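Here's the structure, in structure tokens; my notes come after.
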Amino acid sequence: MLLSRLARVSQEIAATSARSRKIALLAELFRDAEADDVPVVIPYLAGRLPQGRIGVGWKTLSRPVAPAERATLTVRAVDTLIGRLAEVSGPGSQAGRTLLLEELLGAATEDEQRFLLGLLSGEIRQGALDAVAAEGLARATGAPPAEVRRAVMLAGSLQAVAGALLADGPDALERFRLTVGHPVLPMLAHSAPSVAGAVEKLGAAAVEEKLDGIRVQVHRDGDTVRVHTRTLDDITDRLPEVTAAARALRGERFILDGEVVSFDEEGRPRSFQETAGRVGSRTDVAAAARKVPVSPVFFDALSVDGRDLLDLPFAERHAELARLVPEPMRVRRTVVSGPDDLDAAEDFLAETLRRGHEGVVVKGLDAPYSAGRRGASWLKVKPVHTLDLVVLAAEWGSGRRTGRLSNLHLGARTADGGFAMLGKTFKGMTDAVLAWQTERLRELAVDESGYVVTVRPELVVEIAYDGLQRSTRYPAGVTLRFARLVRYREDKRPDEADTVETLLAAHPEVRP
DNA sequence: TTCCGACAGTGGGGTCGCAAT
DNA sequence: ATTGCGACCCCACTATCGGAA
């Protein structure tokens with residue numbers, strides 16, 4: 001199949017807003033793909049490379065290459081070239097990559113280049129990624145969409161399912177079962193503003209502490225233990241403590257879901273930055289483990305002794321977990337009977353925060369494990385802080401925000417009467433707010449020459465955030481975690497905005 | 001008919017590893 | 001030795017479509 005066909009279809013998909021039309025376009029293309037093209041065509045149309053990320057990013061792609069006149073590239077030729085690109089490493093690799101990229105892009109027409117650049121940068125922006133591609137695949141092969149989705153969750157990727165389906169038809173789906181050693185996409189949680197709201201929605205529920213670390217899925221089959229992240233990367237080699245802990249458990253074969261965190265000498269959780277840094281360390285794991293030892297803390301069991309527990313109610317899965325995993329290696333929790341039992345839930349949240357954790361996750365006791373989905377039965381509740389800050393500048397948006405000032409630079413007042421930038425945010429803006437702030441900020445602009453528009457510090461915004469973290473980038477030595485806009489405070493003057501001093505006082509555990 | 005679940009998009013900060021300087 | 005880039009951890013929020021209620 002020619003690359004030009006993919007580029008054309010991708011453009012058509014981007015041009016329509018109807019999901020049904022996107023699915024139809026994808027199905028038609030998948031049907032036409034030859035067997036050998038399938039392992040490439042499907043991931044490409046889902047916006048990803050079969051090789052995964054290959055060390056080519058935005059900067060590497062920023063040098064323009066003269067496009068070809070005619071479309072001659074085949075999908076398989078592209079895959080071969082990208083395969084070679086992925087292999088390049090060591091000194092001189094940047095030059096080697098650039099050369100191969102020029103070869104690839106030089107053979108592509110303008111339309112094909114646009115598609116390839118999106119693909120390589122990971123920003124296809126056609127309004128259809130994995131989920132829609134899975135739907136298209138179901139349509140193309142006559143398989144039930146729900147079963148295709150389930151197979152994808154169990155396989156961990158669309159690719160494997162696509163290959164099997166197109167080779168052997170809908171019966172191939174039965175091959176995708178939960179298997180120890182094969183990671184499945186983890187279940188995710190929604191947010192809820194309060195424990196009361198969450199319990200109201202779910203009724204009888206477990207309230208569990210939410211640890212601020214790295215999500216892990218741990219597979220043990222006899223002596224073999226594998227540890228995977230939320231995106232199913234294998235991080236076994238970086239976490240010897242987790243392997244040891246899994247081997248020490250009584251069960252021989254299981255899949256557990258949990259979080260890896262680091263506790264200090266007093267038993268309080270270390271900051272996310274410290275834990276994440278440890279988990280990210282690969283070159284000298286032993287040294288990193290001495291400085292920041294980690295512990296796995298589990299909250300769910302997906303498989304025990306060869307039994308698939310995914311469809312069991314959470315209460316039963318947890319009973320299996322409790323049989324297998326002793327108390328300190330399980331997440332602390334309490335069970336509430338429903339809205340009448342709210343005090344117990346609130347007390348548990350307060351106690352959890354005192355212990356230095358992020359918040360709680362409220363989980364319906366009846367719900368199955370919805371692999372790969374943001375199940376409505378898991379609701380996280382975290383305290384939200386707010387501040388009044390001053391807009392120092394704004395950046396021009398991209399995509400659907402093109403032509404709108406989007407990303408705000410936020411400042412707090414300093415002792416000398418100036419402002420210290422604490423971070424940026426683009427979150428929480430409706431289209432109406434984007435339009436309004438674009439106009440208003442341009443009135444206040446002092447420099448509109450670049451992609452950052454500097455403004456007179458006169459607009460006050462109410463900003464919500466999850467906490468403070470240390471920063472080497474910003475002048476106060478701290479930055480806001482997950483900052484988002486709540487509203488503009490036109491009733492406030494900039495000299496009424498919050499100060500760096502009050503911010504630091506509100507978070508004594510963080511020192512710049 | 002209205003409501004709501006699922007998706008995609010639009011980006012944020014930090015940290016590590018590696019290549020280039 | 002330092003700097004810059006890319007990958008990958010954590011993530012919130014809004015708009016939209018289309019099926020559920």
Side-chain angles (χ1 to χ4, degrees), chain A residues 13-14 16-23 47 52-62 88-97 120-135 149 188-191 211-216 229-233 235 238 259-260 271-284 288 358 370 372-376 380 382 384 395 397-402 404 406-410 422-434 463-474 478-486:
Chain A
I13 292 173
T16 174
S17 64
R19 277 170 55 94
S20 49
R21 175 87 184 120
K22 291 178 196 280
I23 291 165
R53 305 289 314 158
I54 59 166
V56 172
W58 184 84
K59 190 72 184 178
T60 318
L61 296 169
S62 62
V88 184
S89 68
S93 60
Q94 204 56 263
R97 260 200 285 271
L120 289 163
S121 69
E123 297 186 345
I124 275 277
R125 287 166 211 237
Q126 60 190 12
L129 297 171
D130 280 17
V132 179
E135 204 80 20
R149 273 198 301 273
L188 306 172
H190 275 291
S191 289
L211 305 173
D212 196 7
I214 306 294
R215 182 82 176 265
V216 284
T229 63
R230 191 160 92 77
T231 49
L232 309 190
D233 269 22
I235 54 167
R238 297 181 228 167
E259 191 90 359
V260 156
S271 72
F272 173 76
Q273 283 167 300
E274 289 174 282
T275 302
R278 158 60 209 280
V279 176
S281 297
R282 273 165 291 190
T283 47
D284 190 350
E358 248 197 311
S370 314
R373 327 192 67 166
R374 227 168 253 292
K380 57 183 164 187
K382 295 187 283 186
V384 175
E395 296 172 14
S398 64
R400 71 185 298 285
R401 290 192 178 188
T402 301
R404 295 281 147 87
S406 172
N407 204 1
L408 304 178
H409 293 202
L410 307 168
L422 288 177
K424 309 179 190 179
T425 188
F426 59 91
K427 293 173 182 162
M429 294 148 194
T430 60
D431 288 352
V433 167
L434 282 164
I463 298 295
Y465 65 105
D466 275 23
L468 208 57
Q469 54 185 351
R470 261 201 282 258
S471 170
T472 52
R473 175 180 315 205
Y474 291 110
V478 292
T479 187
L480 305 178
R481 195 163 180 211
F482 310 142
R484 59 264 191 196
L485 176 73
V486 178

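All values reported here derive from a predicted model rather than from experimental measurement. So you know, we letter chains A, B, ... as the sequences are listed, proteins then strands, and number each from 1.
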| request: With the side chain counted from C-beta on, respond yes when A:Leu468 and A:Thr479 share a heavy-atom pair under 4.5 Å apart, and no when they do not. | output: no
| field | Atom of A:Thr16, atom of A:Ala18 and distance for their closest heavy-atom approach | value | OG1-N, 3.1 Å
| query | Would you say A:His190 and A:Lys380 make side-chain contact, with heavy atoms under 4.5 Å? | reply | no
| request: Kindly indicate, with the supporting measurements, whether the criterion salt bridge (Lys or Arg N to Asp or Glu O under 4.0 Å) is fulfilled by A:Glu259 and A:Arg215. | output: CA-CA 4 Å; A:Glu259 191 90 359; A:Arg215 182 82 176 265; 5.1 Å; no
| note | For A:Ala14 and A:Arg125 the tightest heavy-atom approach is CB-O, 4.0 Å
| query | If you pin A:Arg373 and A:Ser398 to their nearest nucleotides in DNA chain B, which one's is more 5'? | reply | A:Arg373
| task | Determine the contact category for A:Thr425: base if any of its heavy atoms lies under 4.0 Å from a base atom, sugar-phosphate if only primed atoms, P, OP1 or OP2 are that close, otherwise nothing. | result | nothing
| query | Rounded to the Å, how far apart are A:Lys382 NZ and C:dC10 C1'? | reply | 9 Å
| task | Provide, to the nearest angstrom, the distance between the CD1 atom belonging to A:Ile235 and the P atom belonging to C:dC8. | result | 12 Å
| message | Any carboxylate oxygen within less than 4.0 angstrom of a Lys/Arg side-chain nitrogen, looking at A:Arg149 and A:Glu135? | response | yes
| Rounded interatomic separation in angstrom, taking CZ from A:Phe426 and C1' from C:dA15 | 15 Å
| Just the endpoints, please: which first and last nucleotides of DNA chain B, 5' to 3', lie under 4.0 Å from a heavy atom of chain A? | B:dA6 to B:dA20
| note | Nearest heavy-atom approach of A:Ile235 to A:Val216 is CD1-CG1, 4.2 Å
| remark: 5'-most contact on DNA chain C (nearest-nucleotide basis), A:Lys59 vs A:Ala432, goes to A:Lys59
| query | How would you label the contact of A:Glu123 with the nucleic acid (heavy atoms, under 4.0 Å): base, sugar-phosphate, or nothing? | reply | nothing
| Checking all strands, does A:Val279 fall into the base, sugar-phosphate, or nothing category for heavy-atom contacts under 4.0 angstrom? | nothing
| request: Select from A:Gly428 and A:Arg481 the residue whose nearest nucleotide in DNA chain C is closer to the 5' end of that strand. | output: A:Arg481
| said: Categorize A:Lys424 for me: base, sugar-phosphate, or nothing, with a 4.0 angstrom heavy-atom threshold over every strand shown. | reply: sugar-phosphate
| Sugar-phosphate only, base, or nothing, as touched by A:Thr60 at under 4.0 Å among non-hydrogen atoms | sugar-phosphate
| task | Taking the side chain as every heavy atom from C-beta outward, state whether A:Lys382 and A:Asp212 have any atom pair closer than 4.5 Å. | result | no
| task | Considering only NZ, NE, NH1 and NH2 on the basic side and carboxylate oxygens on the acidic side, decide whether A:Lys424 and A:Glu395 come within less than 4.0 Å. | result | yes
| C:dA7 P sits how many Å from A:Arg53 CZ, rounded? | 4 Å
| query | Tell me: CZ of A:Arg278 to P of C:dC8, nearest whole Å? | reply | 19 Å
| How do A:Glu395 and A:Arg374 order along DNA chain B: which one's closest nucleotide is nearer the 5' end? | A:Arg374
| request: Determine, for A:Phe426 and A:Arg484, whether the Lys NZ or Arg CZ falls below 6.0 Å from the six-membered ring centre while staying within 45 degrees of the axis. | output: no
| said: Students often get this wrong, so: under 4.0 angstrom with heavy atoms, is A:Asp212 touching a base, only sugar-phosphate, or nothing? | reply: nothing
| message | Taking any heavy-atom pair under 4.0 Å as a contact, classify A:Lys22: base, sugar-phosphate, or nothing. | response | nothing
| request: Please determine, for B:dC7, whether a Watson-Crick or G-U wobble partner exists with both distances under 3.5 Å, and give it or none. | output: none
| message | One character per nucleotide, please: for nucleotides 16-21 of chain C, 5' to 3', B when the base has a protein heavy atom closer than 4.0 Å, S when only the sugar-phosphate does, - otherwise. | response | -SS---
| Roughly how many Å is it from CZ in A:Phe482 to C1' in C:dC11, rounded to a whole number? | 4 Å
| Please give, in whole Å, the distance from C:dC11 P to A:Glu358 CD? | 6 Å
| Counting any heavy atom closer than 4.0 Å, what does A:Ile23 reach on the DNA or RNA strands: base, sugar-phosphate only, or nothing? | nothing
| said: Between C1' on C:dC9 and CG on A:Leu188, what's the gap in Å once rounded to a whole number? | reply: 14 Å
| field | Pairing residues for A:Asp431 by the salt bridge (Lys or Arg N to Asp or Glu O under 4.0 Å) criterion, not counting sequence neighbours | value | A:Arg400
